[in-house]
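Notes for the one structure printed next.
In what follows, chains are A, B, ... by sequence order, proteins preceding strands, each numbered from 1.
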Amino acid sequence: MTDTEACLSVLNPEQRAAVVHEGAPLLILAGAGSGKTRVITTKIAYLIAEKNVAPSSILAVTFTKKAAKEMADRAVALEPRAAGAQIRTFHSFGAWFLRKFAAEAGVDSSFTVYDDDDMATLVVKAVPSLSRQEAARAAHRIALAKDYCLMPDSVRLAEVDSSPDFPRIYAAYEKRLRSTGNVDFGDLIMLPVLVLGSSEQVRVQMHYRFRVIMVDEYQDSNVAQFRLLQLLSGTAGNAPAAYVCVVGDDDQSIYRFRGAEVQNILTFEEHFPGTELIRLERNYRSTARILAAADSIVRNNADRLGKTLRAERGEGGQPVLVFLPTQEDEAAFCADLIWKSHGKGTPFRDWAVLYRTNAQSLDFETEFLHRKIPYTVVGSLKFYEREEIKDVLAFLAFLVNPRDELAFRRIINKPAHGIGEKTQDAVVNFAREKSSQQEVPCSLVQACRDCAGNTARKAGTGLTTFALLAEELAAEIGTAEQVSGTRSSDTAAGKAASEKLSFFVEKVVNRSGLLDYHVSQDEISGTQRAANIQELVNSAVLYPCTRQGLLDFLDTIELDRTMESANDGQVSDAVTLITLHNTKGLEFPKVIITGLENGIFPRQDKTGGDLEEERRLFYVGITRAKDELYITSCSVRRLYGRTEYMQPSQFLMEAGPGVFKVLGTPPAAYMSAAGNRDGMAGASDISDPLAVKWCTGTRIYHDDYGYGQIVHTARRSGEYVITVRFENGNTAQFLPRYQAHSLLIVKD
DNA sequence: CCCGTCGTTATTTTT
DNA sequence: TAACGACGGG
């Protein structure tokens with residue numbers, strides 16, 4: 001038996017059919033935990049080993065860096081030659097493509113990628129009449145327009161933003177962006193679509209290059225990505241169409257807000273004629289009762305293809321729904337649960353705490369820190385959003401592309417050289433003016449030199465000094481010519497490639513004065529900026545000290561702004577704190593989904609299609625759990641510094657009876673919506689006059705404590721107990737049956 | 001141009 | 001509640 005036969009033999013019939021399928025386009029509808037990554041990776045190995053497909057002609061795209069890495073690792077484990085396949089995220093593929101066809105796309109081959117923040121700043125520069133806030137909103141709409149592949153002159157632009165000014169703002173932004181030579185995230189997909197659409201030659205070249213194209217998490221692709229797939233796979237010239245295989249699950253589509261178009265998967269068969277469909281419905285991840293809970297939620301959605309997951313792992317324990325008074329209690333509950341299981345030998349890494357918004361991680365971090373429970377927060381963007389980190393990255397980006405207006409503005413006067421906004425504007429406008437008059441764009445370094453004589457003496461000296469430094473450092477890392485036409489890092493730049501990039505970054509940090517500047521900031525406000533810069537310097541150690549090495553370094557950071565890459569030496573056994581969105585593609589033995597309250601999850605104002613998306617998000621969360629699932633809901637939560645009384649999430653009422661084992665006291669809203677459920681504590685609360693009178697949220701006056709509010713109710717050995725939080729900070733419990741006389745209900 | 005104070009405002013979700 | 005922007009004094 002060959003290796004490949006061995007790989008195939010562990011698959012179920014549907015998986016095997018998907019792997020050996022060839023010819024027509026293939027749509028794999030893969031339910032959560034149905035082994036789709038195994039199918040894709042086996043298929044890559046199979047094509048190489050059995051079908052003699054050249055590895056380099058295989059393109060597999062995913063959405064997250066993590067997923068891409070996992071796919072590549074697993075494919076290589078099955079078939080070493082898979083290392084030659086292109087296994088990337090959509091955006092990193094776009095970046096690769098744009099560097100290759102920079103001229104056709106009208107960008108600098110050494111472009112860097114502007115994030116949302118940079119976009120907003122550039123909008124302000126392009127349309128100065130806008131406030132920062134308006135610019136940020138416009139930037140967001142521009143990004144969305146690009147997700148839909150709409151240009152400033154598109155008539156359909158109104159569907160993204162109907163304001164009459166929008167097309168002009170978009171056009172002005174676009175002009176300004178193009179003059180920097182840089183791109184934004186949307187460009188990484190949209191520009192390749194435009195280049196492929198307009199250049200037959202490029203299309204043919206790509207068609208000969210990629211013979212097999214696979215897309216994972218296809219349900220989250222947007223219109224631009226769909227068109228990219230169409231253009232890469234269609235026919236052109238004499239080049240035959242590539243084999244297309246997409247994998248997705250309409251129930252897990254959770255990125256509509258970012259332009260993801262569920263229609264892409266729902267109508268795939270119309271756009272790729274002759275499509276064959278394979279369903280993977282056997283779930284190897286979760287136990288049956290967890291899957292039942294997931295299904296009881298998602299079946300409330302109307303807009304779905306519909307599928308039923310079959311559990312292959314047996315019944316398992318009943319998912320637990322816990323009602324808690326406050327968010328602190330919620331954090332304490334999680335800590336208790338995790339700590340107790342750790343005592344029984346469960347490693348911390350088996351646990352994941354899921355939440356709707358990043359801000360919710362704070363309470364867990366505080367509690368876990370206190371209890372000495374190790375944890376890692378996944379996907380928090382904090383590190384690369386820090387000012388000092390953005391400063392250093394901007395300096396590096398500027399060395400690579402001296403037309404980068406935003407990088408220039410960020411670093412030119414830090415530390416202060418007397419170059420204020422006026423001088424910056426003069427330099428930038430000078431460069432833009434000159435660029436429009438000549439073939440070769442004018443770099444901002446050159447503009448600094450040319451402007452130095454026409455400004456105040458202090459500013460002039462600063463500009464000259466800066467230009468000298470930028471030229472010297474840029475020369476050291478190599479010039480653009482030294483990499484053009486080659487992607488490998490073996491191009492000899494000034495220094496030997498064996499030297500580490502971290503030396504160069506360290507030099508930049510020192511010579512620019514950025515490190516000194518932030519050291520003094522640390523002294524003033526006791527921050528950790530210098531240490532953060534050092535961490536960034538250290539992370540550059542993995543790259544060679546060449547221009548290409550620097551480009552790769554910036555690329556990696558720009559396309560994966562999560563901490564993991566900068567933080568590989570993290571604790572090996574730790575609880576995972578993660579947003580629901582970030583859990584896509586992950587699994588954990590034990591999962592706690594927190595904050596199941598209306599307004600938080602689902603978020604307020606969600607209706608119709610948006611509400612269905614929230615429901616799918618809940619479904620994604622539930623199906624991450626392998627063995628144990630806990631869900632928590634609080635009756636009180638601090639929101640924007642105010643204390644709010646919460647109702648349980650409507651999703652909880654949608655689950656049928658017996659789906660969850662309920663702990664704590666279910667609020668009245670849950671009870672009345674659920675009707676008379678079996679085996680549930682406090683089931684008689686709606687008919688208990690005490691519970692009706694003394695319910696959560698009621699305002700109270702107490703002779704000794706003053707004003708307060710009921711934050712929790714419970715039934716303890718038959719007695720109805722209320723917990724009251726008073727305005728003086730005290731919290732106390734009372735038995736209304738006996739103590740009603742000392743408690744006054746305050747009427748508004 | 002720098003720094004401090006005060007008032008206001010914001011919280012999805014991410015490549 | 002915290003973080004950020006506007007404003008004014010040095």
Side-chain angles (χ1 to χ4, degrees), chain A residues 61-68 88-95 113-117 119 124 131-133 135-137 140 143-144 146-147 183-190 217 220-222 224-225 228 253-260 327 354-363 366 378-382 384-387 413-424 456 458-459 462 517 520-521 524-525 555-562 578-585 595 599-606 610 613-614 616-618 620-621 637-644:
Chain A
V61 285
T62 65
F63 280 83
T64 66
K65 190 112 182 176
K66 195 180 239 164
R88 295 171 166 271
T89 65
F90 255 116
H91 289 86
S92 97
F93 172 79
V113 184
Y114 282 159
D115 65 15
D116 295 5
D117 218 44
M119 284 181 77
V124 171
S131 71
R132 175 77 202 186
Q133 200 178 22
R137 215 193 56 207
H140 178 248
L144 204 57
K146 291 189 174 186
D147 286 341
V183 301
D184 57 30
F185 269 105
D187 285 339
L188 291 174
I189 311 297
M190 189 177 78
E217 307 282 9
D220 284 322
S221 61
N222 59 35
Q225 287 159 339
L228 183 60
S253 169
I254 54 175
Y255 283 104
R256 198 166 87 142
F257 69 94
R258 210 179 66 198
Q327 65 206 68
L354 279 47
Y355 37 80
R356 180 66 178 82
T357 64
N358 275 311
Q360 286 166 258
S361 76
L362 216 70
D363 291 300
T366 314
V378 172
S380 119
L381 307 178
K382 280 177 245 155
Y384 292 111
E385 278 174 0
R386 289 170 196 274
E387 182 186 347
N413 202 31
K414 200 179 271 190
H417 303 297
I419 304 169
E421 194 169 357
K422 290 278 156 55
T423 312
Q424 295 171 23
K458 191 169 154 210
Y517 173 80
S520 54
Q521 291 289 304
I524 296 166
S525 37
D555 245 20
T556 307
I557 289 170
E558 282 156 6
L559 299 180
D560 179 21
R561 311 177 66 86
T562 52
I578 190 169
T579 62
L580 283 146
H581 280 87
N582 259 322
T583 61
K584 184 159 89 164
I600 297 279
F601 190 23
R603 273 197 75 78
Q604 61 226 347
D605 307 330
K606 296 288 182 179
D610 284 345
E613 177 142 317
E614 296 275 305
R616 288 193 292 269
L617 191 55
F618 192 23
V620 167
R637 188 173 288 275
R638 280 192 321 278
L639 241 45
Y640 344 88
R642 265 272 146 259
T643 303
E644 303 276 349

Closest listed nucleotide, where the reference is the side chain of A:Asp116 and the choices are B:dT12, B:dC1, B:dT14: B:dT14
Listed partners of A:Tyr355 passing ring-ring contact (aromatic ring centres under 6.0 Å, His included), at least two apart: none
Which residues share a side-chain hydrogen bond (donor to acceptor under 3.5 Å, both in side chains) with A:Asp610, sequence neighbours left out: A:Arg256
Value in whole Å for how far the P atom of B:dT14 lies from CG of A:Leu188: 18 Å
For A:Lys584, side-chain hydrogen bond (donor to acceptor under 3.5 Å, both in side chains) partners two or more places apart: A:Asp220
Listed pairs, N/O of protein and of nucleotides 8-10 of chain B, under 3.5 Å:
residue: B:dA10; atom: OP1; partner: A:Gln133; partner atom: NE2; Å: 2.8

side-chain contact (heavy atoms from CB on, under 4.5 Å) between A:Leu188 and A:Val183, intermediate numbers included: CA-CA 7 Å; A:Leu188 291 174; A:Val183 301; 4.0 Å; yes
Touch class at under 4.0 angstrom, heavy-atom based, for A:Phe63 against every strand present: sugar-phosphate
Residue list, side chain to side chain contact (heavy atoms under 4.5 Å, CB included) with A:Asn222, at least two apart or on another chain: A:Asp147, A:Ala224, A:Gln225
Gap between atoms NZ and P, on A:Lys65 and B:dT14 respectively (whole Å): 17 Å
Sugar-phosphate, base or nothing in reach of A:Arg638, heavy atoms under 4.0 Å: nothing
Separation of atom CG in A:Asn222 from atom P in B:dT13, rounded to whole Å: 20 Å
Rounded P spacing from B:dT13 to C:dC4 in Å: 15 Å
Test side-chain contact (heavy atoms from CB on, under 4.5 Å) applied to A:His581 and A:Leu617, step by step: CA-CA 7 Å; A:His581 280 87; A:Leu617 191 55; 3.4 Å; yes
Sequence-distant partners of A:Ala136, side chain to side chain contact (heavy atoms under 4.5 Å, CB included), two or more places apart: A:Ala120
Distance in angstrom units between A:Leu354 CG and B:dT13 C1', rounded: 13 Å
Residues that A:Thr366 engages under side chain to side chain contact (heavy atoms under 4.5 Å, CB included), provided they are two or more places apart: none
Atom-to-atom span, CG of A:Asp220 to P of B:dT14 - whole angstrom: 12 Å
Between B:dT11 (P) and A:Arg603 (CZ): distance, integer Å: 9 Å
Polar-atom pairs under 3.5 Å, protein N or O versus N or O of nucleotides 6-8 of chain C: list them with distances, or write none.
none

Proximity to the side chain of A:Phe185 - top-ranked nucleotide from B:dT13, B:dC1, B:dT15: B:dT15
Length of the line joining A:Tyr517:OH and B:dC2:P, which is rounded to integer Å: 8 Å
Phosphate-side-chain proximity, A:Thr64 and B:dT14, N/O vs OP1/OP2 below 4.0 Å: no
C:dA6 to B:dT11 separation - P atoms, rounded to the nearest Å: 16 Å
Touch class at under 4.0 angstrom, heavy-atom based, for A:Tyr255 against every strand present: sugar-phosphate
Interatomic distance, A:Asn582 CG vs B:dT14 P [rounded to whole Å]: 5 Å
CA sep, side-chain torsions, deciding dist, call: A:Lys146, A:Asp187, side-chain contact (heavy atoms from CB on, under 4.5 Å): CA-CA 7 Å; A:Lys146 291 189 174 186; A:Asp187 285 339; 2.7 Å; yes
Phosphate-side-chain proximity, A:Asn358 and B:dT11, N/O vs OP1/OP2 below 4.0 Å: no
Verify stack between A:Phe257 ring and B:dT13 base, 5.5 Å, 30 degrees: yes
For A:Phe90, all residues meeting ring-ring contact (aromatic ring centres under 6.0 Å, His included), sequence neighbours excluded: A:Phe63
